[in-house]
Amino acid sequence: MAFVVKSPFCVSRTTWRGNNNMLNPSSDSRIVKSVGIRINSRLPAGRDFSVKMSSAQVESLQLVPTVAPPKDLGIPIMVNGCTGKMGRAVLEAAMAAGLNPVPVALGGPNDSGKILDFGGKQIEVHGPSDRESVLSSAFSDYPNLIVVDYTLPAAVNDNAALYCKVGVPFVMGTTGGDRELLYKTVADSNVYAVISPQMGKQVVAFLAAMEIMAKQFPDAFSGYNLQVMESHQASKVDISGTAKAVITCFEDLGASFERDQIQLIRDPRMQIEMVGVPEEHLNGHAFHMYHLTSPDGSVSFEFQHNVCGRSIYAEGTVDAVLFLAKKVKSNSDKRIYDMIDVLREGNKFWLCGY
């Protein structure tokens, strides 16, 4: 993942701010020339993410490998929801890191019977009807198994209950569901888990910094007006959980904001022309902008994080798997973790036999 630093603003984003009163009308031109550095997270240009569809009777998705096989770390993983874009990205990152996908995974009713080929490893997807027996059998065959969940919000609690019943450690990357019930289910079962609605480590670090600022400097932005824009692929219909968390921090800092004022950009044309999303990443991106203006309009602050593609989340998920494997191996007293815990551990989990 590369970071490209750009300054000043591009025309399309400046136009968006102007149209939405994101800059003080009396001093737009001065602010546009002087404010902020923009950081865009983009995928390496040479990386191949192509997926080939087989003409076989059983649907097969074949991942085209782009790097030499890595050292085998001996950690088996099951990626549930692997027929989706996020699940495929996690499998690619996992194999690149030396993790071993097991030959089965769980999916929805429409995915049952599909066989996926990832770099020569075949994975058969099973539907809801036999998911418990499949998971139990896999856990018996692979005692060090770690499950990764990138399914659907509606399946979060049922899936977590299944993982806890079988006793398999898991990383929950799927957003939504009843989060309070999710944590209670895991706590009651004593199963190891990493639970986080945001798996991108750098975004998590930014959010952690915001939370620290909110705690240490409450009301620092008292009276300031907050405006929020977030753009995601059209298939994402809900408000970003990351955006909600950042808004909460700004509210703790004293900024004024109503949640129904969030500007959700889902139209591809607007994303290209107004937000500046590269066309090749319309189906997978996360652009967030938070703009604060003082009561008299003379001062403005802007926070922005732009992510193209899914590699940042997939790589963070792999780090979470390695982290959790270490905690299971060491029989750690703590059982429930989040990505802040993964960040604090640094890369030390690459040691200790992994």
Side-chain angles (χ1 to χ4, degrees), residues 1 3-7 9 13 16-17 20 22-23 31 35-42 172-173 175-176 179-180 183 194-232 236 238-265 275-276 285-295 299-308 310 312-313 315-317 319-320 323 336-346:
M1 179 177 60
F3 287 89
V4 181
V5 180
K6 295 184 177 181
S7 180
F9 294 171
R13 296 177 194 174
W16 178 80
R17 292 184 185 87
N20 293 278
M22 295 295 276
L23 298 173
I31 296 176
V35 173
I37 295 176
R38 297 290 166 268
I39 302 179
N40 294 335
S41 173
R42 302 183 183 276
M172 178 60 74
T175 60
R179 306 307 279 193
E180 184 176 347
Y183 281 97
V194 173
I195 302 173
S196 177
Q198 171 57 258
M199 302 302 293
K201 292 196 302 181
Q202 295 79 8
V203 179
V204 172
F206 165 70
L207 180 55
M210 288 295 304
E211 291 174 346
I212 292 171
M213 183 167 66
K215 289 178 181 178
Q216 295 191 2
F217 309 108
D219 298 324
F221 286 95
S222 180
Y224 273 66
N225 178 57
L226 173 65
Q227 291 179 290
V228 179
M229 180 277 292
E230 61 104 320
S231 173
H232 288 260
K236 182 175 177 59
D238 59 335
I239 299 172
S240 163
T242 301
K244 292 178 181 178
V246 174
I247 289 169
T248 297
C249 292
F250 281 125
E251 290 173 335
D252 292 341
L253 286 162
S256 175
F257 190 75
E258 296 293 334
R259 296 299 175 104
D260 59 3
Q261 295 175 348
I262 299 176
Q263 298 186 54
L264 303 181
I265 311 297
V275 184
H285 70 277
F287 279 38
H288 291 209
M289 185 185 298
Y290 312 90
H291 191 93
L292 294 148
T293 307
S294 63
V299 180
S300 69
F301 291 84
E302 193 167 273
F303 299 77
Q304 180 176 339
H305 52 94
N306 297 345
V307 176
C308 292
R310 296 174 174 84
I312 185 174
Y313 312 117
E315 291 162 4
T317 301
D319 285 345
F323 168 89
I336 304 178
Y337 301 90
D338 58 22
M339 287 302 290
I340 296 294
D341 296 308
V342 177
L343 281 171
R344 286 175 177 154
E345 196 86 357

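Not measured: the values here are computed from a predicted model.
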Legend entry - Backbone N/O of R344 and side chain of D341: donor-acceptor pair under 3.5 Å: no

Legend entry - Shortest non-hydrogen separation from G223 to P295 and the atoms involved: O-CG, 3.4 Å

Inset, instruction - Pick out which of H232, Q304, E230 makes a side-chain hydrogen bond (donor to acceptor under 3.5 Å, both in side chains) with H288. - result: H232

Inset, instruction - Name the orientation class of the two ring planes belonging to F303 and F221 (parallel below 30°, tilted from 30 to 60°, perpendicular beyond 60°). - result: perpendicular

Inset, instruction - Working to the nearest 0.5 Å, report the span between CD1 of I262 and CE of M229. - result: 12.0 Å

Legend entry - Nearest-0.5 Å distance, CG of residue L207 to CD of residue Q198: 8.0 Å

Inset, instruction - With sequence neighbours left out, write down each residue that passes salt bridge (charged side-chain N to carboxylate O under 4.0 Å, His left out) with R179, or none if nothing qualifies. - result: none

Legend entry - Heavy-atom closest contact (I336 atom, I195 atom, distance): CG2-CD1, 4.2 Å

Inset, instruction - Give a yes or no on whether a salt bridge exists between E251 and R259, defined as a side-chain N under 4.0 angstrom from a carboxylate O. - result: yes

Legend entry - Heavy-atom pair of closest approach, residues L343 and A205: CD1-N, 3.8 Å

Legend entry - Approximate separation, where rounding is to 0.5 Å, of M289 CE and Q263 CD: 10.0 Å

Inset, instruction - Measure the CG-CD distance between L253 and Q216 for me, rounded to the nearest 0.5 Å. - result: 11.0 Å

Legend entry - Rounded distance (nearest 0.5 Å) linking atom NZ of K244 with atom SG of C249: 14.5 Å

Inset, instruction - Report yes if some heavy atom in the side chain of Y224 is under 4.5 Å from a heavy atom in the side chain of S300; otherwise report no. - result: no

Inset, instruction - Mind running side-chain contact (heavy atoms from CB on, under 4.5 Å) on F287 and C308 for me, showing each step along the way? - result: CA-CA 8 Å; F287 279 38; C308 292; 3.8 Å; yes

Inset, instruction - Mind checking salt bridge (charged side-chain N to carboxylate O under 4.0 Å, His left out) for K215 and listing every partner two or more places apart, or none if nothing turns up? - result: none

Inset, instruction - State, yes or no, whether a side-chain contact exists between M339 and F323 at a heavy-atom distance under 4.5 Å. - result: no

Inset, instruction - Show your reasoning for whether side-chain contact (heavy atoms from CB on, under 4.5 Å) applies to Y337 and V342. - result: CA-CA 8 Å; Y337 301 90; V342 177; 5.8 Å; no

Legend entry - Steps toward side-chain contact (heavy atoms from CB on, under 4.5 Å) verdict (S231, H285): CA-CA 8 Å; S231 173; H285 70 277; 2.8 Å; yes

Inset, instruction - Identify the two heavy atoms, one from A286 and one from Y313, that lie closest to each other, and give their separation to 0.1 Å. - result: CB-OH, 3.4 Å

Legend entry - Closest contact, heavy atoms only, I340 versus A208: CD1-CB, 3.6 Å

Legend entry - Candidate pair F206 and V246, rule side-chain contact (heavy atoms from CB on, under 4.5 Å), full reasoning: CA-CA 9 Å; F206 165 70; V246 174; 4.0 Å; yes

Inset, instruction - Could you list the residues that satisfy salt bridge (charged side-chain N to carboxylate O under 4.0 Å, His left out) with E211, not counting sequence neighbours? - result: none

Legend entry - Where L226 and A255 come nearest, the two heavy atoms and their spacing: CB-CB, 4.2 Å

Inset, instruction - Taking the six-membered ring for Trp and the full ring for Phe, Tyr or His, determine whether the centres of F257 and F250 are under 6.0 Å apart. - result: no

